[in-house]
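These notes concern the structure reproduced below.
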Amino acid sequence: FMIIAGIESPALGASEAALSRVKDYIQAGADCILVKSKEEEPAELLEFCQKYSSLENKVPLIVVSVCGQISETQLKQKGVQAVFYPGYLLRSSYKAMSVTAEHILLHEGAREAEKFCAPLKNIFNIITEGK
């Protein structure tokens with residue numbers, strides 16, 4: 001059981017207020033801090049991470065990122081211990097399903113769409129063997 005305290009990216013703009021809130025979370029017993037950033041540019045997030053890493057009393061820092069312009073290495077250098085990528089698999093599967101559906105409609109059948117699909121054997125292996 002873990003207590004994860006979250007802070008939203010709009011609050012990061014008021015950096016001192018955000019850090020004060022984070023300190024309160026830690027003092028209240030949070031096991032880690034989760035920062036949600038919806039910004040496409042990473043500057044604000046990196047600034048927050050840098051300031052957070054300078055705190056004396058801190059817990060692991062986790063980032064939920066939709067910013068594709070920053071690497072895990074860069075985040076690690078700023079003191080981030082984990083990164084969550086929400087929605088990336090769902091968004092990529094939607095794109096793949098749209099392409100497959102387009103081919104089925106265009107060719108009036110699934111034969112031409114087969115090249116976009118995983119082999120059934122792979123799916124059965126996952127279901128039956130967990131691999």
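Computation of the quantities below employed the complete heavy-atom set of this structure, encompassing side-chain atoms and omitting hydrogens, waters and symmetry-equivalent molecules. Please read all numbers here as calculations on a predicted model, not as lab measurements.
- Of all heavy-atom pairs between I123 and A118, the closest is CD1-CB, 4.2 Å.
- Grouping Ile, Leu, Val, Met, Phe, Trp and Tyr by side-chain contacts under 4.5 Å, direct or through others, leaves L105 on its own.
- To the nearest 0.5 Å, the span separating CD on E112 from CG on L106 amounts to 8.5 Å.
- With side-chain heavy atoms closer than 4.5 Å counting as contact, directly or through intermediates, the hydrophobic cluster containing I3 also holds F1.
- Scanning all heavy atoms of the two residues, the minimum distance from V59 to A30 falls at CG1-O, 3.5 Å.
- Taking every heavy atom of both residues into account, A110 and I104 meet most closely at CA-CG1, 3.9 Å.
- Using modelled atom types, no side-chain atom of S20 and backbone atom of E16 make a donor-acceptor pair closer than 3.5 Å.
- For the pair R91 and Y94, the cation does not sit on the ring face, since its NZ or CZ is not both under 6.0 Å from the ring centre and inside 45° of the axis.
- One finds the NZ atom of K36 at 14.0 Å from the CG atom of L45 (value rounded to the nearest 0.5 Å).
- Proximity of F48 to V22: side-chain heavy atoms (C-beta onward) are separated by under 4.5 Å at one or more points.
- For the salt bridge (charged side-chain N to carboxylate O under 4.0 Å, His left out) test, residues two or more places apart in sequence or in another chain that qualify with E47 are K51.
- Residue Y25 holds its OH atom at 11.0 Å from CG of L34, rounded to the nearest 0.5 Å.
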Using a 3.5 Å cut-off and no angle test, enumerate the donor-acceptor pairs between side-chain atoms of residues 71-79 and protein atoms at least two apart in sequence or in another chain.
{"unit_1": "S71", "atom_1": "OG", "unit_2": "T73", "atom_2": "N", "d": "3.4"}
{"unit_1": "S71", "atom_1": "OG", "unit_2": "Q74", "atom_2": "N", "d": "3.1"}
{"unit_1": "S71", "atom_1": "OG", "unit_2": "Q74", "atom_2": "OE1", "d": "3.3"}
{"unit_1": "E72", "atom_1": "OE2", "unit_2": "Y85", "atom_2": "OH", "d": "2.7"}
{"unit_1": "Q74", "atom_1": "OE1", "unit_2": "S71", "atom_2": "N", "d": "2.7"}
{"unit_1": "K78", "atom_1": "NZ", "unit_2": "Q50", "atom_2": "OE1", "d": "2.6"}

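- Minimum interatomic distance between A113 and H103 (heavy atoms only, all atoms of both residues): CB-CB, 4.1 Å.
- E114 pairs by the side-chain contact (heavy atoms from CB on, under 4.5 Å) definition with C117, not counting sequence neighbours.
- V99 belongs to a hydrophobic cluster with F116, counting contacts under 4.5 Å between side-chain heavy atoms of Ile, Leu, Val, Met, Phe, Trp and Tyr, direct or through other members.
- Once rounded to the nearest 0.5 Å, the distance linking NE2 of H107 with CD of E102 reads 9.5 Å.
- The structure places OG of S92 at 9.0 Å from CE of M97, a figure rounded to the nearest 0.5 Å.
- Across I26, I62, I4, L55, a single residue satisfies side-chain contact (heavy atoms from CB on, under 4.5 Å) together with I33, and that is I26.
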